[in-house]
Amino acid sequence: MEVRDDLRYTGDHEWVRIEAGRAVVGITDFAQASLGDIVYVQLPEVGARVERGGTLGEVESTKSVSEVYAPVGGVVAEVNTAVVEAPERLNSDPYGAGWLCVIEGADAAEVDQLLPAQRYRELIEP
Amino acid sequence: MSDEHQRAPQEAGDRPEAGLRRSPMHDHHVAHGARFVEFAGWSMPLRYGSDLAEHHAVRQRAGVFDLSHMAELEVRGPAAAELLDHALVGNLSALAVGRARYTMICDAAGGILDDLVVYRRGPEDYLVVANAANASTVLAELEARAGGRAAAVVDATSAYGLVAVQGPRALEILQRLTRTPLGEVPYYGSVESAVHGVRALVARTGYTGEDGFELFVPAEDAGAVFEALLDTGRDAGVAPAGLAARDSLRLEAGMPLYGNELSREVTPYEAGLGRVVRLDKPGDFVGREALERRSALGPTRELVGLVATGRRAPRHGYPVVDEATGSTVGSVTSGVLSPTLGRPVAMAYLDPAVLAKSPGLAVDVRGELVAVELVALPFYRRPVRRERERA
């Protein structure tokens with residue numbers, strides 16, 4: 001399973017890329033591999049305020065339904081509508097074309113609590 | 001994220017856990033990159049890569065499944081037929097040698113203990129194939145129902161590997177490995193044969209809605225047969241397929257799954273499978289009185305097919321509601337975004353009184369009411385092929 005060194009992670013298998021104070025969010029390679037073929041994605045509304053740990057959206061595979069939680073609190077500034085049309089992008093490119101949304105205004109302390117790559121790697125490879 | 005709504009079986013990931021039974025083909029699945037799932041105490045392949053690709057391979061070409069978790073119970077002896085006629089709802093003494101029948105074992109109240117496929121291999125020799133989760137129940141019931149009859153019931157599950165090859169090209173692929181003329185084996189027929197040099201009971205049965213075969217082979221030879229099918233079928237586009245594809249395939253084909261559509265809470269009549277109950281057979285059988293009553297009174301609920309638009313699938317346990325009144329009128333037993341049809345399909349139990357009024361229906365998909373349409377089962381029926389029309 002690919003774990004990218006330049007990203008931060010949650011124990012619930014979301015990844016976060018911090019870019020100039022904005023947090024780009026997606027689900028990890030481990031998550032997509034566990035779920036199987038993803039066939040439906042529900043994204044938050046742009047402008048929605050989310051709290052850390054709150055529900056950000058939903059991902060369905062053939063066999064399961066999973067909620068995606070907000071890794072940090074803030075305001076949803078952008079969503080990747082392309083994955084609604086092509087949910088398989090979460091499988092084929094979870095760290096790239098399969099990104100889900102951008103959260104702005106995250107608290108620095110919350111960002112600090114995200115797992116570095118090595119910690120996440122340990123979590124999924126016991 | 002979390003799998004809040006995921007149903008058992010639990011994902012075991014790519015590290016099969018200790019304490020689970022393993023198929024005799026286990027190492028072959030590892031070599032093919034399988035992700036495993038815990039299913040009724042077994043660690044079985046969930047998928048090898050993409051479960052959608054495996055589903056489409058079976059619909060369009062062929063897939064090879066390992067079903068070794070299914071229980072093989074051998075019933076033999078002068079009174080084997082009599083025992084099965086008493087223990088099961090079907091008329092198994094009337095089953096010809098070399099034929100198979102879909103049937104059920106019920107409790108005294110008519111509740112379904114398991115659905116079964118019974119193969120008759122000889123006048124006094126039957127093979128009863130039960131679901132893994134119900135293996136011990138079925139074994140214990142058959143033993144108890146044998147009474148003093150001259151028949152022995154043996155759990156031979158570990159002696160067998162069960163390999164299925166399913167799909168429009170299954171016959172052509174399997175034929176490359178055997179001299180037995182497979183085209184002559186009828187649907188729900190079986191033949192004692194040799195496949196890839198391995199003795200096998202070759203049965204034209206399956207759980208995918210496609211033509212295909214199930215091969216009961218000695219456990220120690222199962223891996224070789226599995227590999228031979230994949231190898232010889234490579235040019236035909238054959239793929240190994242896991243339990244995820246098996247579930248979406250059977251659901252499209254409108255086939256019930258024990259634990260979802262079938263349980264002790266329903267009789268075969270509720271499941272729309274009253275035809276398997278042979279009230280016309282001579283002699284008493286377990287559940288007869290209750291089933292006669294149910295047959296006369298009509299089912300307490302009805303299994304129906306539902307289709308929706310969009311991409312959100314109704315899933316097991318979701319309420320079905322009357323759109324006009326908002327009241328709950330039933331419950332989804334299985335659902336999936338149909339890979340073949342591209343729209344959500346589901347089976348559900350509905351109140352017959354409500355059905356008679358044909359109301360507008362919706363499914364409560366985690367708070368969102370998704371409109372559904374009632375359709376006849378199955379959702380998918382395989383195209384009739386030219387060679388079968390000629391036959």
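- Interface residues of residues 236-248 of chain B toward chain A, defined by a heavy-atom distance below 4.5 Å and sorted by number: A244(B), D247(B), S248(B).
- H55(B) and T340(B) are linked by a side-chain donor-acceptor pair at a separation below 3.5 angstrom, with hydrogens and angles left out of the test.
- Ring geometry, H26(B) versus F36(B): the interplanar angle falls under 30°, so the pair is classed parallel (tilted spans 30 to 60°).
- Without hydrogens or angle criteria, T55(A) side chain to G57(A) main chain gives no donor-acceptor distance under 3.5 Å.
- Remark: side-chain polar atoms of R381(B) are not paired, donor with acceptor, to backbone N or O of A253(B) under 3.5 angstrom.
- Between the side chains of R250(B) and S334(B), a donor-acceptor pair is found at a separation under 3.5 Å.
- Proximity to chain B (any heavy atom under 4.5 Å) is restricted, for Q42(A), to the side chain, taken from C-beta onward.
- Between the S263(B) side chain and the G259(B) main chain, no donor and acceptor come within less than 3.5 Å of each other.
- Relative ring orientation between F30(A) and Y120(A) is described as perpendicular, the plane-to-plane angle rising above 60° on a 0-90° scale split at 30° and 60°.
- Contacts between P87(A) and chain B at a heavy-atom distance below 4.5 Å involve the side chain alone, from C-beta outward.
- Heavy atoms closer than 4.5 Å to chain A are found in the side chain of L337(B), but not in its backbone.
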